[in-house]
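To start, the structure under review is shown below, and the notes come after it.
Counting convention: from 1, in listed order, for ligands and their atoms alike.
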Amino acid sequence: MNAPALIVRRPSVCPHDCPSACALDVEVIDNSRIGRVHGASDQTYTAGVVCAKVARYAERIHHKDRLLRPLKRVGPKGSGQFAPISWDDALDIVAENFLRCERDFGAESVWPYHYAGTMGLVMRDGLRRLTHAKRYSGFFSTICINTAWPGFTAGTGKLTGPDPREMAKADCVVIWGTNAVATQVNVMTHAMKARKERGAKIVVVDIYRNDTMKQADLALCLKPGTDGALACAAMHVLFRDNLADHDYLQRYTDAPDELEAHLKTRDPQWASAITGLEPAEIEAFAHLVGERKRTYFRLGYGFSRQRNGAANMHAATCIAAVTGAWRYEGGGAFHNNGGIYHWRKTLIEGLDVVDPNVRVLDQSRIGAVLCGEKEALCGRGPVKALLVQSTNPATVAPSQEKVRRGFARDDLFVCVHEHFLTETARFADIVLPATMFLEHDDLYQGGGHSYVMFGPKAIEPAGECRSNHDLVCALAKRLGAEHPGFSMSPREIIDWTLRESGWGTLAELEEKKWLDVQPAFADAHFLNGFGFKDKRFRFKADWATTPFANIGLMGPWRDMPSLPDHWAVIEAADDEHPFRLATSPSRGFLNTSFTETPASRKREGRPTVMIHPEDAARLQIKDGDVVRLGNRRGETRLHARLFAGLRRGVLISEGVWPAAAFLDGKGINVLTGDDVVAPFGGAAFHDNRVWLRPA
Ligand SMILES: Nc1nc2c(c(=O)[nH]1)N[C@H]1C(S)=C(S)[C@@H](COP(=O)(O)OP(=O)(O)OC[C@H]3O[C@@H](n4cnc5c(=O)[nH]c(N)nc54)[C@H](O)[C@@H]3O)O[C@H]1N2
Ligand SMILES: Nc1nc2c(c(=O)[nH]1)N[C@H]1C(S)=C(S)[C@@H](COP(=O)(O)OP(=O)(O)OC[C@H]3O[C@@H](n4cnc5c(=O)[nH]c(N)nc54)[C@H](O)[C@@H]3O)O[C@H]1N2
Ligand code: SF4
Ligand SMILES: [Mo]
């Protein structure tokens, strides 16, 4: 008789690129497999809740298509034809090619390219240590945060805000430009608690009736890229109707009189023409947030993915300063808590060996970089070798046609370290199998909360998988790169990092599982002042001096408005392109992660574009028809889905599907642009003018 399976619960942390960074409680079976994944009930932000896709993580970690051995390309580039080889041989080939490129073209011809497939600090950022030690081209990671973070900190001076758990104590929660039900479910836990226990009102500001907007008491469905106008008109009403907190304005802000004068012409009528909202909706919104001082503005990434997104983010934060919401428990604006952790990343990232003369290349412009566009290469030589880790740029990066042309170059050597044979991995010369989070140790922080967390290794790696850290160290040895971090274990690096950052030791953290580092109330609410020298909130943004300013690198920051406004630089519809397309995340996938798991795949079905029934009728398109969608950057074919929860003229295509899932093998990012977005780069994924035709 077989012994019954031994099931134990192990603590962990969800490693995916999600602000919720959930504390997990994982069923481990016989020390080798996992069962169901639960949210830790004793971590106060996660509060026992995780999303459906991670609850079923067994589908991903024990997936039949998981990469288990190193592979070498044996067919043409991108053909997907590979043969297994040993780790030693694979590492030798990668090292030989990197050394060859360095010798023939200089160290800057090698570009380590990584992102947030895992958010563990050691595994995510360790590749930077190799980059710096070898003086390879640097990596400017712009794709996700570069409009949102400068936009938030332009007013506040610091990337933090009121404790997200305070949402439960708010009288109004404004969920703005985040589809939280899909992308960070824990926001809903706390917001719904406020509704249930205090009768709080939930406002949702978005561009379509998504699952989050369906929960709203006040749903503001505006035209994409017009949030700045909504914010201005709301503040106009607040001043006009004596709902501004003048005492707060005088004590805590930079230019309230100038702001008030500037807003005189920006009334609800003006904003209505821009946003498409009724003036009465704007009045109702202003009165709600003006009368309920405990209003928590939970500002997401979505509305920042517009060419005017940073300005719009800043405008939204200004409302909380006009009402003085920051003063109250449950009040204020929040986007991300990155500013509270004060990590010392010297060891992880090799910050002590950075050479400032080495060029830094923009993540979002990988297509332009690989296609040899001069200004994307900072006017210097070509990139000849790539090491791609924890990201899938062939699918997620903008201007996909360019990206794929670049990857297809025969003179480009590509190594990809992955869990699956992604569309990027298919372009590789060498593919290496990577561990998943339960197979290695790492350190995590919350973006949408305030915990430092440790995720210990819980099971042995599948097949021959090795961690990002192991790969970086093994390559460093072969490449002659020197740094103490290359001969330390992840645990040693974590312990050093915790101590140097003032968060105790690894032993202490492991015993407690997590550390709540939420700043004191007065600091989190900026009652001791905002993050600038004069301690005042800035209605007048000085884009060159926000904490995330990167004026040395790139970006049209000079063109931006200083006071909040509608900045008309979005891709407005025109005769040739009558629609505005947003490529919003889907609930079942996380970027392209989980596009391989059966339940997520089943849930999402197939790539679709949502269109208003009246627009569809005009074009004689029926639900389920194949349509062609295009602009000057490219075109693709997919199925139409009629949906009345959209404005006319707006299209939504949810999810970053593999290109192979589309009828022509062209992904949605053939339509998105890689132009440098203000102030300092990034991609305007939800800001695309397109045409649509029956196919
Ligand atoms: N299920 C799931 N979860 C995810 C992800 C995923 O792909 N799927 N991605 C993860 C990552 S990397 C990130 S950065 C976060 C992002 O998560 P969010 O912060 O939620 O940002 P987005 O999902 O890009 O967009 C949120 C909403 O903004 C809307 N939006 C687009 N343009 C505008 C606009 O101009 N104004 C307004 N008001 N709304 C607009 C979109 O339609 C969408 O409904 O989610 C993470 N979590
Ligand atoms: N059209 C459109 N495009 C978008 C977006 C959008 O909203 N619309 N969102 C953008 C945003 S916000 C982001 S952040 C980017 C995200 O883009 P990516 O960072 O590329 O995110 P994923 O597609 O999830 O790919 C992560 C990959 O890392 C792998 N991985 C995970 N953990 C590890 C690990 O420990 N080691 C290694 N070696 N590999 C690992 C996973 O298998 C997965 O293939 O996409 C952007 N692209
Ligand atoms: S909600 Fe986000 S952090 Fe939580 S389990 Fe799901 S993907 Fe992970
Ligand atoms: Mo992201």
Side-chain angles (χ1 to χ4, degrees), residues 12-24 37-40 45-46 49-57 115-117 119 141 143-148 174-189 204-213 220-231 275 298-309 312-313 316 335-336 391 396 437 444 446-449 570 580-595 600 603-604 610 646 650-657 682-688:
S12 190
V13 183
C14 176
H16 287 284
D17 188 359
C18 170
S20 281
C22 292
L24 306 179
V37 174
H38 308 269
Y45 187 75
T46 303
V49 177
V50 289
C51 63
K53 58 194 180 300
V54 169
R56 287 187 306 256
Y57 215 80
Y115 205 55
M119 293 290 277
S141 52
I143 207 164
C144 181
I145 59 174
N146 263 49
T147 46
V174 182
I175 302 177
W176 195 324
T178 171
N179 184 2
V181 168
T183 62
Q184 43 172 340
V185 60
N186 309 72
V187 164
M188 302 312 288
T189 307
V204 173
V205 185
D206 211 288
I207 57 170
Y208 73 118
R209 195 170 162 77
N210 58 25
D211 288 346
T212 308
M213 194 178 273
L220 299 175
C221 186
L222 41 56
K223 292 184 185 171
T226 66
D227 303 74
L230 169 63
T275 60
R298 183 62 180 81
L299 308 173
Y301 287 93
F303 76 115
S304 77
R305 307 206 189 294
Q306 300 279 342
R307 284 174 179 73
N308 57 6
N312 292 348
M313 174 68 87
H335 172 61
N336 184 287
T391 178
V396 306
F437 71 110
Y444 302 85
H449 59 74
I570 47 177
R580 300 254 303 134
L581 168 76
T583 61
S584 312
S586 64
R587 188 155 170 187
F589 303 153
L590 197 144
N591 305 315
T592 66
S593 300
F594 301 91
T595 56
S600 288
R603 179 180 201 288
E604 298 304 326
M610 290 187 248
L646 284 172
V650 175
L651 305 173
I652 306 273
S653 182
E654 284 186 346
V656 194
W657 285 86
F685 286 113
H686 304 333
D687 180 8
N688 313 285

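Closest to atom 34 (C) of ligand 1 among all protein heavy atoms lies D227 OD1, 3.5 Å. In terms of protein heavy atoms, atom 42 (O) of ligand 1 is closest to S584 OG, 2.8 Å. When hydrogens are left out, the protein atom nearest atom 47 (N) of ligand 1 is T183 O, 3.0 Å; that is the closest non-hydrogen contact. What sits closest to atom 9 (N) of ligand 1 on the protein, heavy atoms only, is N591 OD1, 3.6 Å. The single protein non-hydrogen atom nearest to atom 6 (Fe) of ligand 3 is C51 SG, 2.3 Å, given as residue, atom name and distance. The closest protein non-hydrogen atom to atom 24 (O) of ligand 1 is H686 NE2, 3.0 Å. In this structure, atom 4 (Fe) of ligand 3 lies nearest to the protein heavy atom C22 SG, 2.3 Å. The closest protein non-hydrogen atom to atom 29 (C) of ligand 1 is D206 OD1, 3.1 Å. Here the protein heavy atom with the shortest distance to atom 2 (C) of ligand 1 is F589 O, 3.0 Å. Remark: minimum distance from atom 2 (Fe) of ligand 3 to any protein heavy atom is reached at C18 SG, 2.3 Å. Looking only at protein heavy atoms, the nearest one to atom 35 (O) of ligand 1 is G225 N, 2.7 Å.
Looking only at side-chain heavy atoms (C-beta outward), T178 and V187 stay at 4.5 Å or farther from each other. Considering only heavy atoms from C-beta on, N186 comes within 4.5 Å of Y45 through its side chain. Within the 4.5 Å cutoff, the side chain of M610 has no heavy atoms near those of the S653 side chain. A 4.5 Å side-chain heavy-atom check between S593 and H16 finds at least one atom pair inside the cut-off. At a threshold of 4.5 Å between non-hydrogen side-chain atoms, the residues V205 and M213 do not count as touching. The closest side-chain heavy-atom distance from C18 to L590 is below 4.5 Å. The shortest distance between side-chain heavy atoms of W657 and E604 falls below 4.5 Å.
Under 4.0 Å from ligand 3, the heavy atoms of A21 that appear belong solely to its backbone. When heavy-atom distances to ligand 3 are checked against a 4.0 Å cut-off, L590 comes that close only through its side chain, counted from C-beta outward.
Near Q306, the atoms of ligand 1 lying under 4.0 angstrom from a non-hydrogen atom of the residue are 32 (N), 33 (C), 34 (C), 35 (O). Those atoms of ligand 3 that come under 4.0 Å of a heavy atom in V54, given as number and element, are 5 (S), 6 (Fe), 7 (S), 8 (Fe). Ligand 1 places these atoms under 4.0 Å from at least one heavy atom of C144: 14 (S). Residue-ligand proximity, A182 to ligand 1, at heavy-atom distances under 4.0 Å covers atoms 1 (N), 2 (C), 3 (N). Less than 4.0 angstrom separates some heavy atom of G300 from each of these atoms of ligand 1: 19 (O). For ligand 1, the atoms lying closer than 4.0 Å to a non-hydrogen atom of Y208 are 42 (O), 44 (O). Close contacts of ligand 1 with S586, meaning ligand atoms under 4.0 Å from a residue heavy atom, involve 1 (N), 2 (C), 8 (N). Ligand 3 places these atoms under 4.0 Å from at least one heavy atom of C14: 3 (S), 5 (S), 7 (S), 8 (Fe). When each atom of ligand 1 is checked for a heavy atom of R305 under 4.0 Å away, the hits are 14 (S), 24 (O). Of all atoms in ligand 1, numbered sequentially from 1 with element shown, those under 4.0 Å from a heavy atom of R587 are 1 (N).
Not a single heavy atom of M213 lies less than 4.0 angstrom from ligand 1.
Aromatic rings from F685 and Y301 are positioned such that their centres are separated by 6.0 Å or more.
The main-chain N or O of G177 is never found under 3.5 Å from a side-chain atom of D206 such that the two would form a donor-acceptor pair. Side chain of Q306 to backbone of A684: no donor-acceptor contact under 3.5 angstrom is found. Side-chain atoms of H449 come within 3.5 Å of backbone atoms of S20 as a donor-acceptor pair (strictly under, hydrogens ignored).
Checked for salt-bridge contact, D687 and R305 miss the test: no charged N lies under 4.0 Å from a carboxylate O.
Where the criterion is an N or O separation shorter than 3.5 Å, residue side chain and backbone included, N179 meets it with respect to ligand 1. Where the criterion is an N or O separation shorter than 3.5 Å, residue side chain and backbone included, Y301 meets it with respect to ligand 1.
Shown are L651, L646, V650; of these, the side-chain contact (heavy atoms from CB on, under 4.5 Å) with Y208 is made only by L646.
Listed here is the closest heavy atom pair of A148 and M313: O-CG, 3.6 Å.
Compare G302, P585, G447 by their heavy atoms: the one nearest to atom 21 (O) of ligand 1 is in G302. When N336, D17, N210 are ranked by how near their heavy atoms come to atom 44 (O) of ligand 1, first place goes to N210.
Side chain to side chain, T275 and T226 fail the donor-acceptor criterion of an N or O pair below 3.5 Å.
The line from CZ of R587 to CD of E654 is 10.5 Å long, rounded to the nearest 0.5 Å.
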